[in-house]
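Data first, discussion second: the structure below is written as C-alpha cells.
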Amino acid sequence: MGLNTIYLICAIGGGTVLLLRLVMMIIGLDHGDTPDSGVDLDHDGSVDAPDGNIGMKLLSLQSIAGFFTMFGLVGLGLLQVKAAPIWSLLGALAAGLVTAWVTAMIFYQMRRLQSEGTMVIQDAIGQIGSVYLTIPEQGTGVVSVAVKGTLRSLDAMSEAGKRIPTGAMVRVTGVTAGKILVVVEQQPPENS
C-alpha cells in the first residue's frame, strides 16, 4: 500500500465522519445525553477530565476526524507538488496535529461559555426584592428577587407573620426546608 493510498483513506475516512456529524447536528440527531458518572461524556464525543483538562479534548471525535482529514489532504497535496515522501509525511503530521489542537481549543472555549442554569436558592439570602403577590399573615405570597444576577419570582412567607402588601420592598432572611423564602419588610431609606 503506497503513501498516496494511505493519505486518500485518511482523508476520505476523516472527512466522512466530519460530514456525518454535521448532517446529524443539522437534522437534530446529535443530542444524546448520558447519565452522570465520574467522567462527563458530552454529546460532542469528547471525554472531560474532572478539572477540564484541555488535553482530554484532543481525544474528541471531532479532533480525531479533523486530524485524519487534514493529515490525508495535506499529505496528498504535498505529494502532488512532488515533495519528498518524508516531507509530505512531516507536513501531514504537522497539519493534523494543528487541526486537532485548534479543534480542542474551540470546544474548550465553547464549554467555558456554557452555563449550568441551576439556581441555588440559598444564594437569595440577604438579597432585597419586591413583593409580587401579597404575602398573607399565614401562608405564602410571591416575591421578585435577583439571585446570581437573574430576576426570579419565588414563593415567600413573612418572618414576623404579618401581611406584606404587593410592591413592598423585602429582604430575604432565610429559606425553609420546603424552599420557601423567609422575608422581612424592608423600610425605605429616609430622605434627609
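Within the structure, the side-chain hydrogen bond (donor to acceptor under 3.5 Å, both in side chains) test picks out no pair touching residues 73-87 (sequence neighbours left out).
Nearest heavy-atom pair across Ala124 and Val147 is CB-CG2, 3.8 Å. Residues Gln127 and Val145 share a closest heavy-atom pair of CB-CG2, 3.5 Å. Residues Pro85 and Leu79 approach most closely at CA-CD2, 4.4 Å, considering heavy atoms. The minimum heavy-atom distance linking Ser63 with Ala104 is given by the pair OG-N, 3.7 Å. Across all their heavy atoms, Ser153 and Ser144 have their closest contact at OG-OG, 3.7 Å. Between Gly161 and Ser158, the shortest heavy-atom distance links the atoms N-OG, 3.2 Å.
Membership of the apolar cluster around Val142 extends to Tyr132, Leu133, as traced through chained side-chain contacts below 4.5 Å between ILVMFWY residues.
With rounding to the nearest 0.5 Å, the separation of OG1 in Thr99 from CD1 in Ile64 is 13.5 Å. Taken to the nearest 0.5 Å, the CE atom of Met157 stands 9.5 Å off from the CD1 atom of Ile135. Remark: Leu61 CG to Thr103 OG1 distance equals 11.0 Å, nearest 0.5 Å.
One hydrophobic cluster, built from ILVMFWY side chains closer than 4.5 Å, cannot hold both Val17 and Leu20; they sit in different ones. With hydrophobic clusters built from ILVMFWY side chains whose heavy atoms lie under 4.5 angstrom apart, Leu8 does not share a cluster with Leu78. The hydrophobic cluster containing Phe68 does not contain Leu18, counting ILVMFWY residues as joined when their side-chain heavy atoms lie under 4.5 angstrom apart, directly or transitively. Taking hydrophobic clusters as Ile, Leu, Val, Met, Phe, Trp and Tyr residues chained together by side-chain heavy-atom distances below 4.5 Å, Ile6 does not share a cluster with Met70.
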Side-chain donor-acceptor pairs of residues 162-185 under 3.5 Å, sequence neighbours excluded:
residue	atom	partner	partner atom	Å
Thr166	OG1	Thr134	N	3.3
Thr166	OG1	Thr134	OG1	2.9
Arg171	NE	Gln186	OE1	3.4
Thr173	OG1	Glu159	OE2	3.0
Thr173	OG1	Val182	O	3.1
Thr176	OG1	Gly178	N	3.3
Thr176	OG1	Ile180	N	3.1
Thr176	OG1	Ile180	O	3.4

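With sequence neighbours left out, Thr5 forms a side chain to side chain contact (heavy atoms under 4.5 Å, CB included) with Met1, Ile9. Listed by chain and number, the residues in a side chain to side chain contact (heavy atoms under 4.5 Å, CB included) with Ile86 are Ala84, Leu90 (sequence neighbours excluded). When the ring pair (Phe, Tyr, Trp, His ring centres under 6.0 Å) test is applied to Phe71, the partners found at least two apart in sequence or on another chain are Tyr7, Phe67.
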Give the intermediate values and the outcome of side-chain contact (heavy atoms from CB on, under 4.5 Å) for residues Thr69 and Leu73. CA-CA 6 Å; Thr69 302; Leu73 292 176; 3.9 Å; yes
What verdict does the side-chain contact (heavy atoms from CB on, under 4.5 Å) test give for Ile26 and Leu22, after you've listed the backbone C-alpha separation in whole Å, the side-chain angles of each residue and the deciding distance to 0.1 Å? CA-CA 6 Å; Ile26 289 172; Leu22 178 65; 4.0 Å; yes
